[in-house]
Amino acid sequence: MSLSLLGVGSARAVMIDEIQVYTDDINAPGQFGLELHVNTTLQGRSVPDFPGEITPEHGLRLTPEFSYGLSRAFEAGLYLPGERTSDGHYLLAGTKVRLKWLPVQPDAKVGGWFFGLNGELSYLPERFDQTQWGFELRTMLGCRGAGWLLAANPVLGWGLSGPGRSGRPEAEMQVKAAWEVARGISIGPEYYADFGPLGRALPSREQDHSLYAACDIDLKPWVFNVGLGRGLSGSADKWTLKFIFEIPW
């Protein structure tokens, strides 16, 4: 929703290319994967934070994510963000590469705890992000049981260039809970928060907090996530709709 420093609207202006809480999903060794992340801001910020910025309101973001299982615990990924702006222009929005490490995985039948890290290097054009180059370190932890899931992603994000360059990372937290209500269908909340620089949190009115009502459908080959988000703070976009589609190979 994935959400990351380069995901859900943060304390600094960035593109909303991925709205997702990372769980225990990982490709098997040698397995390719393709997901399409789609989201649109139904009501949100329409005034640029800097000259030339593309604002989120009424924009449609489409980001294919390619992934490949390197081993049981390692997975590589590539994102190619794009956007249809509110005035109808189609734009490419840079690239992101990631490496996921998931050494603790739940049992496929009985569930259990999971833990891992995801590192992501990104480049976005200046009209999407003044910082342009960024790095994110995401912790993935949680537990899966019979018909339920709890997951949390503490996230640290560094600006590597431009006005946002800093040795002090931005701190975020993302949380997901889901309960199975029918075979292959789960519902539950997803919460995304951006607090600002680590150890120097922004005033509460300037932080970004959003709550999503989400539904996960796993009826192979049809696998997708859909959510409607409501901003809980003045800095958050008021309404956002998101989809994540798993595309069979």
Side-chain angles (χ1 to χ4, degrees), residues 1-21 36-65 79-94 96 122 124-132 134 136 153 155 157 159 162-164 170-176 189-197 201-215 224-245:
M1 219 148 134
S2 150
L3 193 93
S4 64
L5 182 64
L6 301 177
V8 168
S10 95
R12 64 180 178 83
V14 292
M15 181 186 181
I16 313 167
D17 60 348
E18 181 190 16
I19 306 174
Q20 181 180 16
V21 178
L36 180 63
H37 300 261
V38 182
N39 70 77
T40 183
T41 305
L42 305 176
Q43 185 177 356
R45 185 170 60 87
S46 58
V47 178
D49 283 343
F50 56 87
E53 185 207 3
I54 295 174
T55 57
E57 185 169 76
H58 299 157
L60 178 66
R61 275 76 58 178
L62 301 99
T63 302
E65 175 192 357
Y79 299 84
L80 298 174
E83 176 158 354
R84 182 185 185 277
T85 63
S86 59
D87 57 2
H89 290 88
Y90 292 88
L91 302 171
L92 297 178
K96 303 197 298 184
S122 62
L124 297 180
E126 187 175 9
R127 55 187 150 183
F128 293 101
D129 181 0
Q130 276 191 308
T131 298
Q132 295 186 281
E136 172 193 284
N153 293 168
V155 181
E170 298 275 324
E172 302 181 25
M173 176 62 75
Q174 301 153 16
V175 180
K176 177 181 179 72
E190 295 179 5
Y191 175 68
Y192 300 89
D194 184 344
F195 303 103
L202 295 171
S204 58
R205 66 182 180 277
E206 297 179 24
Q207 296 178 14
D208 191 320
H209 296 262
S210 298
L211 182 64
Y212 282 72
C215 178
F224 61 93
N225 166 276
V226 59
L228 178 63
R230 166 70 168 171
L232 304 179
S233 60
S235 294
D237 292 319
K238 192 170 183 180
W239 291 105
T240 302
L241 182 64
K242 62 131 175 174
F243 302 88
I244 305 172
F245 299 96

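The first residue of the sequence shown is numbered 1, and numbering continues consecutively from there. Scope of the values below: all heavy atoms of this structure, side chains included, with no hydrogens, waters or symmetry mates.
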Original post:
What heavy-atom pair brings Ala236 and His209 nearest, and what distance separates the two atoms?
Top reply: CB-O, 3.5 Å
Subject >> Side chain proximity check, His37 to Asn39, heavy atoms < 4.5 angstrom >> reply: no
Subject >> side chain to side chain contact (heavy atoms under 4.5 Å, CB included) assessment of Glu65 paired with Thr63 >> reply: CA-CA 6 Å; Glu65 175 192 357; Thr63 302; 5.6 Å; no
**OP:** Check for a donor-acceptor pair, side chain of Thr40 on one end and backbone N or O of Gly59 on the other, with a separation under 3.5 Å.
**Re:** yes
Original post:
Side chains of Gln43 and Glu57: closer than 4.5 Å at any heavy-atom pair?
Top reply: yes
**OP:** Provide the closest heavy-atom pair for Ile16 versus Pro56 in the form atom of the first, atom of the second, distance.
**Re:** CD1-CB, 3.6 Å
Original post:
Given the rule in the side chain to side chain contact (heavy atoms under 4.5 Å, CB included) test, do Leu42 and Leu228 qualify, once you have shown the distances and angles that lead to the verdict?
Top reply: CA-CA 10 Å; Leu42 305 176; Leu228 178 63; 4.3 Å; yes
Original post:
Taking C-beta and beyond as the side chain, do Val38 and Leu60 meet within less than 4.5 Å on heavy atoms?
Top reply: yes
Original post:
salt bridge (Lys or Arg N to Asp or Glu O under 4.0 Å) with Glu83: which residues, sequence neighbours excluded?
Top reply: Arg61
Original post:
Does the ring center of Tyr192 lie less than 6.0 Å from the ring center of Tyr212?
Top reply: yes
Original post:
To the nearest 0.5 Å, what is the distance between CG (Leu62) and CG (Leu36)?
Top reply: 6.0 Å
Original post:
Can you name the residues that form a side-chain contact (heavy atoms from CB on, under 4.5 Å) with Leu91, not counting sequence neighbours?
Top reply: Ile54, Thr85, Arg127, Phe128
Original post:
Where do Pro125 and Ala93 come nearest, in terms of heavy atoms and distance?
Top reply: CD-C, 3.5 Å
Original post:
Taking the side chain from Asp237 and the backbone from Arg45, do they hold a donor-acceptor pair closer than 3.5 Å?
Top reply: yes
Original post:
For the residue pair Pro81 and Leu124, what are the closest heavy atoms and their distance?
Top reply: CG-CD2, 4.4 Å
**OP:** Could you pull out all residues at least two apart from Pro189 that satisfy side-chain contact (heavy atoms from CB on, under 4.5 Å)?
**Re:** Ala177, Trp179, Leu211
Original post:
Looking at residues at least two apart in the chain, or sitting in another chain, which of them share a side-chain contact (heavy atoms from CB on, under 4.5 Å) with Pro203?
Top reply: Arg205, Glu206
**OP:** Kindly compute the distance separating CG (Asp194) from CG (Leu202), expressed to the nearest 0.5 Å.
**Re:** 7.5 Å
Original post:
Who pairs with Arg230 by side chain to side chain donor-acceptor pair (under 3.5 Å), at least two apart in sequence or on another chain?
Top reply: none
**OP:** Considering non-hydrogen atoms only, spot the tightest contact between Ala214 and Asn225 and give its length.
**Re:** CB-ND2, 4.2 Å
**OP:** Report yes or no: do Lys176 and Asn153 form a side-chain donor-acceptor pair below 3.5 Å?
**Re:** no
Subject >> Contact summary for Val47 and Glu53, nearest pair of heavy atoms >> reply: O-OE1, 4.5 Å
Original post:
Does the Ser233 side chain pair with the main chain of Gln207, one donor and one acceptor, at a distance under 3.5 Å?
Top reply: yes
